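Read through the structure below, which is laid out as structure tokens, and then see the notes.
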Protein chains: 2
Amino acid sequence: MHTTNIIKPLSVDSVIFGFEDDQLKVLLIKRIVDKDSGTWALPGGYIKYDEDIDVAAARILEERTGVKVFMKQLGAFGEVNRFPDKRIITIAYYALVKPRNFALSLEDDASAIEWVNVYDLPKLLFDHGIIIEHALRSLRRRVRIEPIGFNLLPNSFPLLSLQRLYESILNTTFDKPNFRRKILKMKLLIPLEEKQEGVAHRSARLFKFDKNRYDKLIDKGFSFEV
Amino acid sequence: MHTTNIIKPLSVDSVIFGFEDDQLKVLLIKRIVDKDSGTWALPGGYIKYDEDIDVAAARILEERTGVKVFMKQLGAFGEVNRFPDKRIITIAYYALVKPRNFALSLEDDASAIEWVNVYDLPKLLFDHGIIIEHALRSLRRRVRIEPIGFNLLPNSFPLLSLQRLYESILNTTFDKPNFRRKILKMKLLIPLEEKQEGVAHRSARLFKFDKNRYDKLIDKGFSFEV
DNA sequence: GCAAAAGTGTTCTTCGTACACCCATGC
DNA sequence: GCATGGGTGTACGAAGAACACTTTTGC
């Protein structure tokens, strides 16, 4: 990491959500060698002097994890004592990704990187636990009114996967027939010819999210709601 | 203003919403003497080294305007060129206040201060116009699911005032009978014995928002929605 | 009387919810 | 056959939208 030309009292931390094994997870890093050894943390770093903060967040995430994605800002966390010894204010970001699409890569051998169930987190560095809580709250609010959930699923998926996704994010359950009808009525999904394979039950039709269609509907005043 | 012991690349700006004459307004300041003369701006300033950012925002707002209120964070604005010459990242806050409750006071004679209709803004300093847009979007989202609108009204108010408030924030119109029923059904308003006075029509009953009641309903799973 | 807002009543439709039920597939 | 999930049908009730109508007050 470059240490010149950076803004020292300002860091960036990223909460990366992924959906794997029907569980909502976040991407955490653990420094193995230095004094924080043993504590998991959000991927983060310092902003450069001549770099937009959104760009800094994306750069730092990629450097730390190999994940390249555009993120949404969560907000600034600036309690005086959030960081030991020094005053560092951090700007938190979050994003939703498909874990399968990324080969996690580490910048060095001194760290471990892992997808961790968001409902079963280990002890985290500084206020990173609080940051994740905020990110989760924001995710819950947004996921019900914007079709961002699809970012967590493979390009094609059966409807029950979508339902399980919403259930795990919102920590609730839905009636299957009703959920199905509600989603299909929006006409946001393109039914594919493909079917599930190798499952121990009747194979389900796969669907694909139609971003184009969504944009057009939005122009007509449509509003997504789960 | 103190210039020692502050974090220089980090400022705070506040969007203060008020409701006056059936219009949604924001509080703006204009520097009259210096080089920015003639340009309206959001009240803002620098964060101190040993001060929580939320506290800094409240302190700065009070210093600039006399308005003392707790605010909600909107987020950080950090485009490289948002501020001329220097790199300054700002953390924006917003709040909803009752304009009548505040005697606007200026720290010096070099400034003017004013409530300005949010739908008819003058040219603003730096990216302050963008910040207000974001604040308005956030306000619109929140006002429909949290009873924060009452913060903009006097303690007691007729139902039509509430309706006009929502209409001006959401930039829409509601059917009076339906709006009335919807709000009353929530049981969040205490009907008072008082009536409007000096109006050229049948005087309306006044109501008061019942915060206690709201907190209790929330515990029972109630969710506010307009 | 007229204008303006207060306040009540009613109808129609849409939508969410609950749940019964049949279908296909692997073991 | 049985378990598991896929997928359809239906019936009830709550909630929203539209609008007609009566009441009260100042001018």
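Everything numeric here is computed off the predicted structure, so don't read it as measured data. Numbered from 1 within each chain, the chains take letters A, B, ... in sequence-line order.
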Are any protein N/O atoms closer than 3.5 Å to N/O atoms in nucleotides 16-20 of chain D? If there are, list each pair with its distance.
from   : atom 1 : to       : atom 2 : distance (Å)
D:dA17 : N7     : B:Asn178 : ND2    : 3.4
D:dA18 : N7     : B:Asn178 : ND2    : 2.9
D:dA18 : N6     : B:Asn178 : OD1    : 3.1
D:dA18 : N6     : B:Arg181 : NH2    : 3.4
D:dC19 : N4     : B:Asp175 : OD2    : 3.4

Discussion item. For A:His134 and A:Tyr94, I'd like to know if the aromatic rings sit close, meaning centre-to-centre distance below 6.0 Å.
Written reply: no
Fill in: Strand-adjacent residues in residues 156-172 of chain B, judged by heavy atoms under 4.0 Å from DNA chain D
none
Rounded to the nearest angstrom, tell me the gap between atom [atom1] in [X] and atom [atom2] in [N].
{"X": "A:Arg202", "N": "C:dT25", "atom1": "CZ", "atom2": "C1'", "result": "10 Å"}
{"X": "A:Phe179", "N": "C:dC15", "atom1": "CZ", "atom2": "P", "result": "17 Å"}
{"X": "B:Arg205", "N": "D:dT24", "atom1": "CZ", "atom2": "C1'", "result": "14 Å"}
{"X": "A:Ile183", "N": "D:dG7", "atom1": "CD1", "atom2": "C1'", "result": "16 Å"}
{"X": "A:Met186", "N": "C:dT14", "atom1": "CE", "atom2": "P", "result": "18 Å"}

Worksheet entry | A:Arg205: which of A:Pro158, A:Pro191, A:Ser156 passes side-chain contact (heavy atoms from CB on, under 4.5 Å) | A:Pro191
Practice prompt. Report yes if some heavy atom in the side chain of B:Ile145 is under 4.5 Å from a heavy atom in the side chain of B:Phe224; otherwise report no.
Written response: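 Not touching, per the 4.5 Å side-chain cut-off.
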Worksheet item: Should B:Glu167 and B:Phe174 count as side-chain neighbours, where that means a heavy-atom distance under 4.5 Å?
Response: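 Sidechains of B:Phe174 and B:Glu167: in contact.
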Worksheet entry | Pairing residues for A:Phe150 by the ring-ring contact (aromatic ring centres under 6.0 Å, His included) criterion, not counting sequence neighbours |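 Partners of A:Phe150 under the ring-ring contact (aromatic ring centres under 6.0 Å, His included) test: A:Phe157, A:Phe209.
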Worksheet item: Hey, is the side chain of A:Arg180 poking within less than 4.0 Å of OP1 or OP2 on D:dG7, counting only N and O atoms?
Response: yes
Discussion item. What verdict does the side chain to side chain contact (heavy atoms under 4.5 Å, CB included) test give for A:Val97 and A:Leu152, after you've listed the backbone C-alpha separation in whole Å, the side-chain angles of each residue and the deciding distance to 0.1 Å?
Written reply: CA-CA 5 Å; A:Val97 306; A:Leu152 290 163; 5.8 Å; no
Discussion item. On the side chain of B:Lys176, is there an atom forming a donor-acceptor pair with the base of C:dA5 - under 3.5 Å, no angle test?
Written reply: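 It does not, because no donor-acceptor pair links the side chain of B:Lys176 to the base of C:dA5 below 3.5 Å.
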Discussion item. With a 6.0 Å cut-off (strictly less than), is the heavy-atom count around NZ of A:Lys208, excluding the residue itself, greater than 12?
Written reply: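 No, not enclosed.
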Item to complete: State whether the side chain of B:Thr90 and the backbone N or O of B:Ser11 hold a donor-acceptor pair below 3.5 Å, judged by distance alone.
Response: yes
